[in-house]
Amino acid sequence: MKRSLRHAIRASAPPLSVGALLGAAVLLGGCGSQTKTVSATAPPAAAQTASTSTTPTATKTSTTQPRTSTSAATPAPTSTRTAPEPAFTQQAGQAEGATGAAAIVRAHGYTPNDTSEYHSGQTLRVLVGTRTGSGDGYGQQAFFFVGARYIGTDAKEPSASVKVLSQGDTEVTLAYPLYRRGDPLSSPSGGQTTVRFQLNNGKLAPLGAIPPASSTGGLSRN
């Protein structure tokens, strides 16, 4: 009976195609199995160990040879000077200045009366000269200098005589004998007058009136 039934079922069931069989197998496999995903983790990178390379440093020893100087050693001074210049240098400078001033006076046709009146240490300097060739010693002028530079005379025309009364760094006072009409050169009867000359901003100017070189009715320098 059972055998007949199986046979009947087989006979009534339609035959399955190959594609259907494969699809059933896939379904059975999908239902009966579970897919497990495993993530493969890469092994950690090996830690880099900082390697310190020690390079041996060679110590270089240089031997310095002592330097020999061929120049002669300067001897130490044996004494200390407190004066700015030796005395003979100052005297030579004053003499040279007076000599140069005297040469200028001579170049203008006059002979210096007294070179010691020329003071090289002053800003304003003066030197009185008498007309060269004067037989009686009259006919004089005062020559002025600023430093070693000649700047001119006290007046355009000479006086019978001129005398330096006083002088300083920027001032010179001159004295002039005064004549009346008919007075001989050796005997002025009008006394004398003084005129102070002052250096101001590089210019020399008299601070008083200079008597005239000649006069018919008044006092004059001749």
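Numbers here are sequence positions counted from 1.
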Can you see which heavy atom on [X] is nearest to which on [Y], and at what distance?
| X | Y | value |
| --- | --- | --- |
| S120 | A98 | OG-N, 4.4 Å |
| G202 | L199 | C-CD1, 3.7 Å |
| S161 | Q140 | CA-OE1, 3.3 Å |
| P188 | P177 | CG-CB, 3.9 Å |

[X] side chain vs [Y] backbone, donor-acceptor pair below 3.5 Å:
| X | Y | value |
| --- | --- | --- |
| Q192 | A175 | no |
| N222 | S214 | no |
| R221 | P211 | yes |
| R196 | V172 | no |
| Y179 | L185 | yes |
| S134 | G137 | yes |
| Q167 | Y118 | no |
| R180 | S189 | yes |
| D169 | T123 | yes |

Reported [atom1]-to-[atom2] distance for the pair [X] and [Y], which is rounded to 0.5 angstrom:
| X | Y | atom1 | atom2 | value |
| --- | --- | --- | --- | --- |
| D154 | S159 | CG | OG | 5.5 Å |
| H108 | T132 | NE2 | OG1 | 12.0 Å |
| E171 | N200 | CD | CG | 10.0 Å |
| T170 | L124 | OG1 | CG | 7.0 Å |
| E117 | K163 | CD | NZ | 9.5 Å |

Query raised in the report: Should the ring pair Y110 and F143 be called parallel, tilted or perpendicular, given that the plane angle runs from 0 to 90° and is split at 30 and 60?
Result: perpendicular
Report task. Please report the C-alpha distance between F197 and T173 in whole Å, then the side-chain angles of each, then the deciding distance to 0.1 Å, and finally whether the side chain to side chain contact (heavy atoms under 4.5 Å, CB included) criterion is met. Result -> CA-CA 6 Å; F197 292 81; T173 301; over 6 Å; no
Is it the case that one hydrophobic cluster holds both [X] and [Y], taking links as side-chain heavy atoms less than 4.5 Å apart, direct or via other members?
| X | Y | result |
| --- | --- | --- |
| V164 | Y176 | yes |
| L174 | L219 | no |
| V126 | V162 | yes |
| L127 | L204 | no |

Report task. Could you give me the CA-CA distance, side-chain angles and deciding distance for L207 and V195, then say whether side chain to side chain contact (heavy atoms under 4.5 Å, CB included) is met? Result -> CA-CA 7 Å; L207 301 184; V195 179; over 6 Å; no
Query - Chi angles and distances behind the side chain to side chain contact (heavy atoms under 4.5 Å, CB included) call for V128, Q141 - result: CA-CA 6 Å; V128 175; Q141 278 191 312; over 6 Å; no
Requested in this report: Check whether the ring centres of Y150 and F144 lie less than 6.0 Å apart, and answer yes or no.
Outcome: no
Query raised in the report: Does a side-chain heavy-atom distance below 4.5 Å link S215 with R181?
Result: no
Report task. Take Y138 and T130 through the test side chain to side chain contact (heavy atoms under 4.5 Å, CB included) and record every step on the way to the result. Result -> CA-CA 7 Å; Y138 296 100; T130 301; over 6 Å; no
